[in-house]
Chemist: 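One structure follows; several queries about it will come next.
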Amino acid sequence: METESTPLLLQPAPWDPRRSTIAGGLVLVTLTLERLAFYALVANLFLFLSLGGWSPRGSMTAVLILVGVSHFSALGGGWLADGLVGRYWALVIGLSLYVIGFTLLTIMASGVLCHWSPASSSCVSETYGILICVGIAGGTVRANIPSFGAEQVKYGGADSLRKFFNWYYWCVNTGSLLGVGALSYVALDMTDGFLRAFAGAGGCLLMALMLFAFGRPYYIVHRPAGSVLRSILCILHDAIGGRCCQPRQTSIQSSPVLERHSNLVSQQSVGHRNPAPTAQSPSWLDYAKIRYGGSHHDSAVEDVKRLGIILLLFFCLLPYWLVFFQIETGFQEQGLHLKIGFPQDGKASNFNMPTAWLSLFDQVFILALIPLMNGVVYPTLDKIGVRVSLLTRIAIGMGFSLLAAVSAGVLEFFSVQRWREGHGIIQVIHNWTYNASDISLLWQVPQYCLVGSAEVFAGVAGLEFAYSAAPRPLQGVAMGMFSAMEGVGSLLGTTLISALSPVWIRHDSQHFQGHLDYYFFLLAGIQGVAFVFFASWLLVRRYRIVRQEIPVGITT
């Protein structure tokens, strides 16, 4: 934690709007280039390994390892920044690892690093080593770039953070769109496509590193807070030990200063409607405080409490992540059994739309909605005195997520009914034959757009909440927890699919004997329960605030 002998900033400077704009812009451009490279690799890795002789299971495992490491290593990246080197140098380290990883990947695609034979065990180990390196780099950047960017703009006004995190999400989706679209085309349709694609992605990362380093004179850079993880563990140890070994106290043994402050509050409350506050029993974490026999200052313990509250909110977002990851799983499976063919003027054959193209509707919808919310909706609401809090935006996002799952379930229900009524077709996709109903694939567009709406509200607000509510020394850890929860949601979704596969989610040839619609409705039920509990808690919280007449500034 900071002390008077440890300055908060390495180079304190007065607030400069121009400096903030340049710093925030460089961070967002860096983010766009980094996401472009990452999503280009994720989108093309399976095919790259398959064409190299890997089995489907081995290729899928490699993709899952890359994505999983990128999510869970974010915790380590947050600890690295908060406790050791600071966010700026953590981002430099992460981007440098990225460049190294993609350089090795490019050399591998050229056939120089190994002979690219499936029988070569050394090639397999080298591939996993490169993917782990890239995953750690991605996790380090994910944990720190939101906080670092927010630090550059947060003094620019009440809505500066809201605008930044909206544009942050916009840049993430722009990078994803370019990586999946442009570099996937290069990889599949050009000579030495994978070599060109990986080299291009590596070049983007090198440019990102150079641009980010170029902005060093414009950045606000905070010092690391010290051994954050060790402090948290010590507080938890003291709290558990104190709770078990000390009798429960019913009043706070405060210092004379705190006692005089309490008496002053009591005297000031005379004649007011609100009664004087009564002493409350300490929570189990309070036993780590010095006043209860622990060895930690009140502020350090309160920081850990706030981190626990953030973690509880992240757990509430798990159903949202379950629905979100259907873009890559359940929605794709559903799309394979909808009509993908569209007539072409003057041609006997139909144009078959790739099912993965539907995911672009999610990204394009986000790219259109975020500027609308930033430039029109939120400013209009601010002018009329309506402030949409972060928690309210998360609740709205949960509602859109619920509607997306319901929409997918209804579409699947009618698709199964049409097939059973004899309106089925046979379609060939990449030399594989699929049974499908005659309902157009375009009927999936609403559910993709609803998921995009959920991202704009719950995804953006969740990220902003992680930054705003976390104590500054623990912001990197909080961002790492946010990313790790995405990984947990993905793992839960995979586990749920595995459990339901024998009954509801059948093999492609038996798709219409299963009940994928039941699976979507189950997700809707899980999200619906979470939405009802979260919205109810939010209403009760607001009711209590109104009754107590406590003014709320920036609500989180």
Side-chain angles (χ1 to χ4, degrees), residues 162 165-170 172-173 176-177 313-332 334-335 358-378 380-381 386-413 442-466 482 485-486 489-490 492-493 517 519-539 555-556:
R162 184 182 67 197
F165 282 107
N166 273 282
W167 284 117
Y168 176 94
Y169 233 82
W170 191 89
V172 167
N173 283 274
S176 172
L177 188 64
L313 177 68
F314 290 170
F315 274 111
C316 292
L317 285 173
L318 281 178
Y320 158 77
W321 292 120
L322 281 176
V323 177
F324 171 79
F325 283 112
Q326 298 312 304
I327 291 177
E328 303 168 357
T329 54
F331 291 178
Q332 297 288 328
Q334 183 185 53
L358 270 294
S359 63
L360 298 179
F361 281 96
D362 166 70
Q363 295 167 347
V364 171
F365 190 76
I366 291 173
L367 296 180
L369 185 57
I370 285 180
L372 177 65
M373 300 298 295
N374 257 349
V376 179
V377 177
Y378 288 139
T380 302
L381 292 175
V386 177
R387 182 73 176 177
V388 184
S389 71
L390 294 177
L391 295 179
T392 301
R393 286 159 57 191
I394 290 174
I396 294 172
M398 287 182 174
F400 279 119
S401 178
L402 169 61
L403 292 176
V406 171
S407 175
V410 170
L411 175 60
E412 182 65 20
F413 173 80
L442 292 179
W443 282 101
Q444 280 192 312
V445 171
Q447 63 204 49
Y448 279 101
C449 291
L450 287 168
V451 171
S453 301
E455 287 186 73
V456 170
F457 286 96
V460 175
L463 195 63
E464 185 177 346
F465 182 89
F482 184 81
M485 279 300 166
E486 290 186 49
S490 178
L492 288 178
D517 52 343
Y519 171 66
F520 289 135
F521 288 136
L522 175 62
L523 293 180
I526 295 173
Q527 179 64 90
V529 171
F531 172 73
V532 169
F533 275 101
F534 188 80
S536 300
W537 171 80
L538 194 58
L539 290 174
T555 54
T556 53

Chemist: What are the two closest non-hydrogen atoms of Leu538 and Ala395, and how far apart are they?
Modeler: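 Closest approach of Leu538 to Ala395, heavy atoms only: CD2-CB, 4.3 Å.
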
Chemist: Should Ser407 and Leu450 count as side-chain neighbours, where that means a heavy-atom distance under 4.5 Å?
Modeler: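 SC-SC contact between Ser407 and Leu450 confirmed.
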
Chemist: Could I get the full list of salt bridge (Lys or Arg N to Asp or Glu O under 4.0 Å) partners for Glu412, not counting sequence neighbours?
Modeler: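 Partners of Glu412 by the salt bridge (Lys or Arg N to Asp or Glu O under 4.0 Å) criterion come out as none, since no residue qualifies.
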
Chemist: Can you list, pair by pair, the side-chain donor-acceptor contacts under 3.5 Å of residues 520-531, counting residues two or more places apart and other chains?
Modeler:
unit_1: Gln527; atom_1: OE1; unit_2: Tyr320; atom_2: N; d: 3.2
unit_1: Gln527; atom_1: OE1; unit_2: Ser401; atom_2: OG; d: 3.0

Chemist: Check whether any side-chain heavy atom of Trp167 lies under 4.5 Å from a side-chain heavy atom of Pro371, and answer yes or no.
Modeler: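 A side-chain contact under 4.5 Å exists here.
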
Chemist: What are the two closest non-hydrogen atoms of Ser176 and Gln363, and how far apart are they?
Modeler: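 The pair with the smallest heavy-atom distance is OG-NE2, 2.6 Å.
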
Chemist: Tyr168 and Val460: side-chain contact (heavy atoms from CB on, under 4.5 Å), yes or no, with the steps?
Modeler: CA-CA 8 Å; Tyr168 176 94; Val460 175; over 6 Å; no

Chemist: Output, in order, the C-alpha distance, side-chain angles, deciding distance and verdict of side-chain contact (heavy atoms from CB on, under 4.5 Å) for Phe534 and Leu391.
Modeler: CA-CA 9 Å; Phe534 188 80; Leu391 295 179; 4.0 Å; yes

Chemist: Going by side-chain contact (heavy atoms from CB on, under 4.5 Å), name the residues that satisfy it together with Ile396, two or more places apart in sequence or in a different chain.
Modeler: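 Per chain and number, Ile396 pairs via side-chain contact (heavy atoms from CB on, under 4.5 Å) with Thr392, Phe400, Phe457.
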
Chemist: Any heavy-atom pair between the side chains of Arg393 and Arg162 that's under 4.5 Å?
Modeler: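 They are in side-chain contact.
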
Chemist: Only counting residues at least two apart or in another chain, list the ones meeting salt bridge (Lys or Arg N to Asp or Glu O under 4.0 Å) with Glu455.
Modeler: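 Residues passing salt bridge (Lys or Arg N to Asp or Glu O under 4.0 Å) with Glu455: none at all.
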
Chemist: Can you confirm if the aromatic rings of Phe314 and Phe482 lie within a centre distance of less than 6.0 Å?
Modeler: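 Yes, close enough.
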
Chemist: Under a 3.5 Å distance rule, please check whether Asp362 uses its side chain to pair with a backbone N or O of Gly452 as donor and acceptor.
Modeler: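 The answer is yes, because a donor-acceptor pair under 3.5 Å joins these two groups.
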
Chemist: Output the distance between atom CZ (Phe325) and atom CD (Glu486), rounded to the nearest 0.5 Å.
Modeler: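 One gets 5.5 Å once the value is rounded to the nearest 0.5 Å.
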
Chemist: Assign the ring pair Phe324 / Trp321 to parallel, tilted or perpendicular, where the plane angle (0 to 90°) is split at 30° and 60°.
Modeler: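 Taking Trp321 first and then Phe324, their aromatic rings stand perpendicular (interplane angle over 60°).
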
Chemist: Supply the atom-to-atom distance Leu318 CG to Met485 CE, rounded to the nearest 0.5 angstrom.
Modeler: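 These two atoms lie 5.5 Å from each other.
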
Chemist: Taking side-chain contact (heavy atoms from CB on, under 4.5 Å) as the test, write out the residues that go with Ile370, two or more places apart.
Modeler: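 With neighbours one apart ignored, the set is Asn166, Tyr169, Trp170, Ile366, Asn374, Val456.
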
Chemist: Return the set of residues passing side-chain contact (heavy atoms from CB on, under 4.5 Å) with Leu539 (not counting sequence neighbours), or none when no residue passes.
Modeler: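 Scan of Leu539 (side-chain contact (heavy atoms from CB on, under 4.5 Å), adjacent residues dropped) gives none.
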
Chemist: I'd like to know whether Leu411 forms a side-chain contact (heavy atoms from CB on, under 4.5 Å) with Gln447, so could you lay out the CA-CA distance, the side-chain angles of the two residues, the decisive distance to 0.1 Å, and finally the verdict.
Modeler: CA-CA 9 Å; Leu411 175 60; Gln447 63 204 49; 3.7 Å; yes

Chemist: Do Gln334 and Gln326 have a side chain donor and acceptor closer than 3.5 Å?
Modeler: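 There is no such pair between these side chains.
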
Chemist: Indicate the atoms forming the closest heavy-atom contact of Val323 with Ala404, along with that distance.
Modeler: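 Nearest heavy atoms, Val323 then Ala404: CG1-CB, 4.4 Å.
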
Chemist: Mind checking whether Leu317 and Met398 have side chains closer than 4.5 Å, heavy atoms only?
Modeler: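 The answer is yes; the side chains approach within 4.5 Å.
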
